[in-house]
Amino acid sequence: EKSRIVTQNEGERGYHVFYELLAGATPEMKKKYHITGKPQDYACLSKGNQFIRELNGHVTEDTEEYKHLMQAFKDTGISDDQQDSIFRVLSAILNLQNVNFVTDESTGKAKIENPELVKIVAGLLNCN
């Protein structure tokens with residue numbers, strides 16, 4: 001199951017919690033965690049090309065599942081600080097997988113094409 005974080009087969013989704021976070025996050029959360037709200041914007045969620053949660057013809061809305069997730073956090077006593085840590089890690093995973101490596105034409109070595117994402121991930125993980 002670890003492979004579902006980085007890739008999915010056609011018609012499959014990654015871990016549902018990523019989609020739930022993107023669907024349920026408030027505008028403030030999107031800004032804080034540097035997420036867009038669209039699974040298509042993340043390499044680790046778009047490979048399976050499956051953005052709707054469907055089983056046997058029944059569609060489950062990620063926004064509703066996000067509400068269930070938040071209630072489960074409350075019911076199990078997960079504090080706001082712990083939730084923040086969870087959302088930071090999830091958002092870091094989403095952003096980190098969008099980091100692209102290219103060949104530096106002048107040196108022939110690999111370089112990061114979008115270093116701003118590395119800074120975002122470092123900030124989310126408090127590794128400044």
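This chain uses plain numbering: 1 for the first residue, then up along the sequence.
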*Asks:* Side chain of Asn98, backbone of Asp41: donor and acceptor closer than 3.5 Å?
*Replies:* yes
*Asks:* With sequence neighbours left out, what residues match Asp104 under side-chain hydrogen bond (donor to acceptor under 3.5 Å, both in side chains)?
*Replies:*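 Result, side-chain hydrogen bond (donor to acceptor under 3.5 Å, both in side chains) vs Asp104: Ser106.
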*Asks:* Is the side chain of Asn95 donor-acceptor paired with the backbone N or O of His34 at a distance under 3.5 Å, no angle test?
*Replies:* yes
*Asks:* Quick check: do Leu90 and Leu94 have side-chain heavy atoms less than 4.5 Å from each other?
*Replies:*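 SC-SC contact between Leu90 and Leu94 ruled out.
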*Asks:* Restricting to side-chain hydrogen bond (donor to acceptor under 3.5 Å, both in side chains), what partner residues turn up for Gln83, sequence neighbours left out?
*Replies:*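 Per chain and number, Gln83 pairs via side-chain hydrogen bond (donor to acceptor under 3.5 Å, both in side chains) with no residue.
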*Asks:* Suppose we screen for side chain to side chain contact (heavy atoms under 4.5 Å, CB included). Which residues come up paired with Thr63, at least two apart in sequence or across chains?
*Replies:*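 Partners of Thr63 under the side chain to side chain contact (heavy atoms under 4.5 Å, CB included) test: Ala23, Glu61.
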*Asks:* For the residue pair Leu45 and Tyr19, what are the closest heavy atoms and their distance?
*Replies:*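 The answer is O-OH, 3.4 Å.
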*Asks:* Mind checking what makes side-chain hydrogen bond (donor to acceptor under 3.5 Å, both in side chains) contact with Ser79, not counting sequence neighbours?
*Replies:*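 side-chain hydrogen bond (donor to acceptor under 3.5 Å, both in side chains) check on Ser79 returns Gln82.
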*Asks:* Considering residues at least two apart in sequence or located in another chain, which fulfil the salt bridge (Lys or Arg N to Asp or Glu O under 4.0 Å) criterion with Asp84?
*Replies:*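 Checked Asp84 against salt bridge (Lys or Arg N to Asp or Glu O under 4.0 Å); matches are Lys32, Arg88.
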*Asks:* Lys30: what forms a side chain to side chain contact (heavy atoms under 4.5 Å, CB included) with it, not counting sequence neighbours?
*Replies:* Ala25, Ile35
*Asks:* Mind checking the CG-OG spacing from Leu124 to Ser85? Nearest 0.5 Å is all I need.
*Replies:* 11.0 Å
*Asks:* Given side chains that start at C-beta, do those of Ile86 and Val17 come closer than 4.5 Å, heavy atoms only?
*Replies:* no
*Asks:* Determine whether a donor-acceptor pair (N or O, by modelled atom type, separation under 3.5 Å) exists between the side chain of Asn114 and the backbone of Asn100.
*Replies:*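 Checking the backbone N and O of Asn100 against the side chain of Asn114, a donor-acceptor pair under 3.5 Å is found.
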*Asks:* Once salt bridge (Lys or Arg N to Asp or Glu O under 4.0 Å) is applied, do any residues pair with Lys111, and if so which ones, sequence neighbours excluded?
*Replies:* none
*Asks:* Locate the shortest heavy-atom distance separating Phe87 from Leu21; write the atom from each residue and the value.
*Replies:*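 Heavy atoms of Phe87 and Leu21 come nearest at CD2-CD1, 3.7 Å.
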*Asks:* Do other residues, nucleotides or ligands put more than 12 heavy atoms under 6.0 Å from the CG atom of Asp80?
*Replies:* no
*Asks:* Identify all side-chain donor-acceptor contacts of residues 66-73 below 3.5 Å with residues at least two apart in sequence or on another chain.
*Replies:*
residue : atom : partner : partner atom : Å
Lys67   : NZ   : Glu64   : OE2          : 3.1
Gln71   : NE2  : Asp75   : OD1          : 2.7

*Asks:* Counting only N and O atoms by type, is there a donor-acceptor contact under 3.5 Å from the side chain of Tyr42 to the main-chain atoms of Thr36?
*Replies:* yes
*Asks:* For Leu96, which residues count as a side chain to side chain contact (heavy atoms under 4.5 Å, CB included) partner, sequence neighbours excluded?
*Replies:*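 Once residues adjacent in sequence are excluded, the partners of Leu96 under the side chain to side chain contact (heavy atoms under 4.5 Å, CB included) criterion are Val99, Val121.
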*Asks:* Among all residues two or more places apart in sequence or in another chain, which pass the side chain to side chain contact (heavy atoms under 4.5 Å, CB included) test with Thr103?
*Replies:*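 Not a single residue meets the side chain to side chain contact (heavy atoms under 4.5 Å, CB included) criterion with Thr103.
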*Asks:* Does Thr26 have any side-chain hydrogen bond (donor to acceptor under 3.5 Å, both in side chains) partners at least two apart in sequence or in another chain, and if so, which?
*Replies:*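 side-chain hydrogen bond (donor to acceptor under 3.5 Å, both in side chains) list for Thr26, sorted by chain: Glu28.
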